[in-house]
Structure formats: structure tokens, C-alpha cells
J.: 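One structure coming up, written as C-alpha cells, with questions to follow.
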Amino acid sequence: MVSVIGFFVSTIAVTVLYRWVNPFATPLMLIRIVDQVAAGKKPGMDYRWRDLDQISSNLQLCVIASEDNLFESHNGIDMKAIEKAQKSNEKGKKLRGGSTISQQTAKNVFLTPSRTWLRKGLELYFTGLIELFWGKERIMEVYLNVIEMGDGIYGAEAASQTYYKKKASQLSRAEAAGIAAILPSPRRWHPTKSSNYIQGRKSRIIQNSNNINYPDWLKEKKVKN
């Protein structure tokens, strides 16, 4: 009983702390470094935190258009996306998930990328906590800073500097779509050395980004195309 209480108290405390304190690193970042060392490579991690107002509105819209169209309206879980993913997988199509941006953020910040029922349950638990204590704007800020965007590349600023040689605040809609397009497999795909498949994803993301509902914190901003 004491251990159960301790778990809830500690996890809630850490979640509340991260409402204001930026994560120093994530479990995935540390796992990648261990993998690099085990492979005899020089460990490297490009992780440059930027506040949300220092990240292009274009990138914020494009990741919503690509990863989670209902980000602003759901409570962390998108049941329609999960049902759609299940139907697609049952038909033998390419496996796809139904994870929201909130779920991806919870997984990246608090958990390892292992695929077990326990981890999935913890993911839903932490998703609920960040939805409750952080709110959408903070979730988006953390997501765009910690998500893996290439081999050893984490977050919008590192990706923008690596791929486009510019600040994350300066990304155009097309450049932002390029980064968003590779998120399902960022160590295999490249936003500027694009295959026809990635080019197609970019085009769909740009089109979708013009049709989604703007998050509250972006409604007053003029988004450059």
C-alpha cells in the first residue's frame, strides 16, 4: 500500500514539476547514447530547448496536421484515430498507431520505447496527468523540444539548424511540413533528401494544415505560408 501511494505521489510531483521545469533529457535520449557507445560510436545528442514562441507557428500546425488533427479538442486520447488504426491493421495494411501528441509526449518524457501492455498502461496514465496539469500549450512546447527528429537530433531547434540551417522560429510552411513528414521514422527518412513517398506526405500535411482548427494560443498570430 505504501509503495502504491509512493508511486502516485512521486509521479504526480514530477509531472507538476515539469509544468515549469524543462526536462534535462528523456529516457529515449539516454538509450540512444548507450546504443552509440555499445556500437563503438562517439556519443552525440543535439538537444536545444526553445520556448514555444521561439518555434515557428508553421511547425506547430504541421505536426498537428500530420500527427493529431484533433489535438486541441480531445482529452489526450483520440478514440476515432485508434479505431481507424485498428481497422487499417486488420486489413493487412502497413501497421499504424493511433497515438495523440499528448500520448507521444507522455511516452517520450516519462517512459522507454518498449512495447508492452504495462508501458501502454503507464502511457495512458501519464497522458492523463499532463493533460490535467500541463494543458495543451505546454504539451505542444515539450513535444516539439523532446521528440526525436533524426539520428541524435531532438526537438525543433536542432532539426531546423541541421536540415535547413536556420532557427526554428524561421521555418516556412514547406520546411515545417518536411520535418513533420519524417516523424514516424526520423532516423530513416530525411526532410530535404526526400523520396516520392515523403514528398507526398509533405503535400498532404501542407493541405491538412490549411484546414485544421488553430490552437487557442495561435489564433491571434499571423501564420506565414
Side-chain angles (χ1 to χ4, degrees), residues 18-26 28-29 45-74 76 99-110 127 130-131 133-184 186-187 189-192 198 201-202 204-225:
Y18 278 167
R19 171 65 179 83
W20 292 280
V21 178
N22 302 328
F24 173 75
T26 68
L28 179 62
M29 294 177 190
M45 182 179 77
D46 194 348
Y47 173 44
R48 320 180 197 185
W49 186 276
R50 294 294 182 270
D51 293 338
L52 195 58
D53 60 7
Q54 297 175 298
I55 299 174
S56 170
S57 301
N58 288 311
L59 184 58
Q60 297 178 50
L61 289 174
C62 283
V63 296
I64 293 173
S66 174
E67 299 291 300
D68 188 1
N69 286 344
L70 300 178
F71 173 68
E72 182 68 7
S73 60
H74 63 60
S99 295
T100 63
I101 285 175
S102 300
Q103 287 175 268
Q104 293 179 50
T105 304
K107 178 186 69 176
N108 273 278
V109 172
F110 299 105
T127 297
I130 66 174
E131 284 279 342
F133 292 113
W134 292 5
K136 298 293 186 180
E137 188 171 358
R138 177 59 174 173
I139 291 172
M140 176 60 71
E141 181 175 61
V142 175
Y143 174 80
L144 286 176
N145 275 285
V146 305
I147 189 100
E148 188 175 38
M149 293 183 171
D151 190 10
I153 300 168
Y154 302 93
E157 184 67 22
S160 182
Q161 294 286 356
T162 299
Y163 299 128
Y164 299 111
K165 310 303 180 185
K166 61 172 59 176
K167 296 178 180 179
S169 60
Q170 300 172 332
L171 288 169
S172 69
R173 185 69 63 91
E175 292 164 342
I179 292 175
I182 69 169
L183 293 183
R187 295 199 297 166
W189 296 336
H190 196 286
T192 60
I198 297 300
R201 281 185 57 83
K202 288 183 187 179
R204 289 191 295 274
I205 290 169
I206 292 173
Q207 183 178 5
N208 289 343
S209 70
N210 291 324
N211 298 322
I212 63 174
N213 292 325
Y214 277 37
D216 289 341
W217 65 90
L218 288 182
K219 286 180 180 177
E220 301 301 322
K221 291 184 178 182
K222 180 180 179 181
V223 179
K224 298 180 181 180
N225 292 301

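Bear in mind that the values here come from a model prediction, so they are computed numbers and not experimental data. Heavy-atom basis, side chains included; hydrogens, waters and symmetry copies ignored.
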J.: Parallel, tilted or perpendicular for Trp217 and Phe71, by the 30°/60° rule?
T.: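 The arrangement is perpendicular - the two ring planes meet at more than 60°.
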J.: Using only heavy-atom distances, determine whether the side chains of Gln60 and Ser57 contain a donor-acceptor pair under 3.5 Å.
T.: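 Their side chains do not contain a donor-acceptor pair, so the 3.5 Å distance test is not met.
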J.: Hey, does Trp189 have a side-chain heavy atom less than 4.5 Å from the side chain of Pro184?
T.: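 Yes; the side chains approach each other to less than 4.5 Å.
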J.: Kindly write out the residues that satisfy salt bridge (Lys or Arg N to Asp or Glu O under 4.0 Å) with Arg204, not counting sequence neighbours, or none if the list is empty.
T.: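 Counting only residues at least two positions away or on another chain, Arg204 forms no salt bridge (Lys or Arg N to Asp or Glu O under 4.0 Å).
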J.: Taking side-chain contact (heavy atoms from CB on, under 4.5 Å) as the criterion, tell me which of Met140, Arg50, Glu157 meets it with Asn145.
T.: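 By the side-chain contact (heavy atoms from CB on, under 4.5 Å) criterion, Asn145 pairs with just one of Met140, Arg50, Glu157: Arg50.
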J.: Under the side-chain contact (heavy atoms from CB on, under 4.5 Å) rule, what do Glu72 and Asp216 come out as? Steps first, then yes or no, please.
T.: CA-CA 8 Å; Glu72 182 68 7; Asp216 289 341; 3.2 Å; yes
J.: To the nearest 0.5 Å, tell me how far Ser66 OG sits from Ile182 CD1.
T.: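 Here the interatomic distance stands at 10.5 Å.
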J.: Where the side chain of Asp68 meets the backbone of Ile64, is there a donor-acceptor pair that is under 3.5 Å apart?
T.: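 Side chain of Asp68 to backbone of Ile64: no pair is present.
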J.: Counting N and O atoms only, with roles assigned by atom type, does the side chain of Arg48 sit under 3.5 Å from a partner on the main chain of Gln161, one being a donor and the other an acceptor?
T.: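 Checking the backbone N and O of Gln161 against the side chain of Arg48, no donor-acceptor pair under 3.5 Å is found.
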J.: Decide yes or no on side-chain contact (heavy atoms from CB on, under 4.5 Å) for Phe110 and Tyr18, but give the supporting numbers first.
T.: CA-CA 11 Å; Phe110 299 105; Tyr18 278 167; 3.9 Å; yes
J.: At what distance, to the nearest 0.5 angstrom, does CH2 of Trp134 lie from CH2 of Trp20?
T.: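 Trp134 CH2 to Trp20 CH2: 11.5 Å, rounded to 0.5 Å.
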J.: What I want to check is whether the side chains of Glu131 and Ser102 have a donor and an acceptor closer together than 3.5 Å.
T.: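 Side-chain D/A pair, Glu131 to Ser102: present.
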J.: Would you check if the side chain of Ser209 reaches a backbone N or O of Ala65 as a donor-acceptor pair within less than 3.5 Å?
T.: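 No: the side chain of Ser209 does not pair with the backbone of Ala65.
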J.: Given the rule in the side-chain contact (heavy atoms from CB on, under 4.5 Å) test, do Lys167 and Gln54 qualify, once you have shown the distances and angles that lead to the verdict?
T.: CA-CA 8 Å; Lys167 296 178 180 179; Gln54 297 175 298; over 6 Å; no
J.: Side chain of Lys202, backbone of Pro191: donor and acceptor closer than 3.5 Å?
T.: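 Confirmed, Lys202 side chain pairs with Pro191 backbone.
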J.: Is any side-chain heavy atom of Gln170 closer than 4.5 Å to a side-chain heavy atom of Ser56?
T.: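 Side-chain contact under 4.5 Å: no.
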J.: Answer yes or no: is there a side-chain heavy-atom contact under 4.5 Å between Glu137 and Leu52?
T.: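 Yes, their side chains come closer than 4.5 Å.
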J.: Apply side chain to side chain contact (heavy atoms under 4.5 Å, CB included) to Thr26 and list each qualifying residue two or more places apart in sequence or on a separate chain.
T.: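 Applying side chain to side chain contact (heavy atoms under 4.5 Å, CB included) to Thr26 gives Leu28, Met29, Val146.
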J.: Mind listing the side-chain donor-acceptor pairs of residues 148-156 below 3.5 Å, one per line with the distance, residues two or more places apart or on another chain?
T.:
from, atom 1, to, atom 2, distance (Å)
Glu148, OE1, Arg32, NH2, 3.1
Glu148, OE2, Arg32, NE, 2.9

J.: Quick check: does any side chain N or O of Thr105 sit under 3.5 Å from a backbone N or O of Ile101, one acting as donor and the other as acceptor?
T.: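 Yes.
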J.: Among all residues two or more places apart in sequence or in another chain, which pass the ring-ring contact (aromatic ring centres under 6.0 Å, His included) test with Tyr163?
T.: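 Scan of Tyr163 (ring-ring contact (aromatic ring centres under 6.0 Å, His included), adjacent residues dropped) gives His190.
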J.: Tell me the closest heavy-atom pair linking Arg201 and Ala181, and the distance in Å.
T.: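 Scanning both residues completely, I find the closest heavy atoms to be NE-O, 2.8 Å.
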J.: Hey, could you give me the CG/CD1 distance between Leu61 and Ile205, rounded to the nearest 0.5 Å?
T.: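 CD1 of Ile205 is found 12.0 Å from CG of Leu61.
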J.: Considering non-hydrogen atoms only, spot the tightest contact between Asn58 and Ser172 and give its length.
T.: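 Of all heavy-atom pairs spanning Asn58 and Ser172, the closest is ND2-C, 3.7 Å.
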J.: Under the side chain to side chain contact (heavy atoms under 4.5 Å, CB included) rule, collect the residues that match up with Ala106, sequence neighbours excluded.
T.: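 Counting only residues at least two positions away or on another chain, Ala106 forms a side chain to side chain contact (heavy atoms under 4.5 Å, CB included) with Phe126, Thr127, Ile130.
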J.: Quick one: pull up OG in Ser169 and CD1 in Ile55 and give me the separation to the nearest 0.5 Å.
T.: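 So the OG of Ser169 and the CD1 of Ile55 are separated by 9.5 Å.
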J.: Using 0.5 Å steps for rounding, measure from the OG atom of Ser160 to the CG atom of Leu171.
T.: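 One finds 3.5 Å between OG of Ser160 and CG of Leu171.
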J.: Between atom CG of Leu144 and atom CD1 of Ile139, what is the distance when rounded to the nearest 0.5 Å?
T.: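 If we round to the nearest 0.5 Å, Leu144:CG and Ile139:CD1 are 12.0 Å apart.
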J.: Can you list the residues that meet the salt bridge (Lys or Arg N to Asp or Glu O under 4.0 Å) rule with Glu67, with sequence neighbours excluded?
T.: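 With neighbours one apart ignored, the set is empty.
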J.: Under the criterion side-chain contact (heavy atoms from CB on, under 4.5 Å), I'd like the reasoning laid out for Lys136 against His74: C-alpha separation, chi angles, the key distance, then a yes or no.
T.: CA-CA 10 Å; Lys136 298 293 186 180; His74 63 60; 3.4 Å; yes
J.: With distance as the sole test, does Asn22 use its side chain to make a donor-acceptor pair with the main-chain N or O of Trp49 at under 3.5 Å?
T.: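 Not confirmed, Asn22 side chain does not pair with Trp49 backbone.
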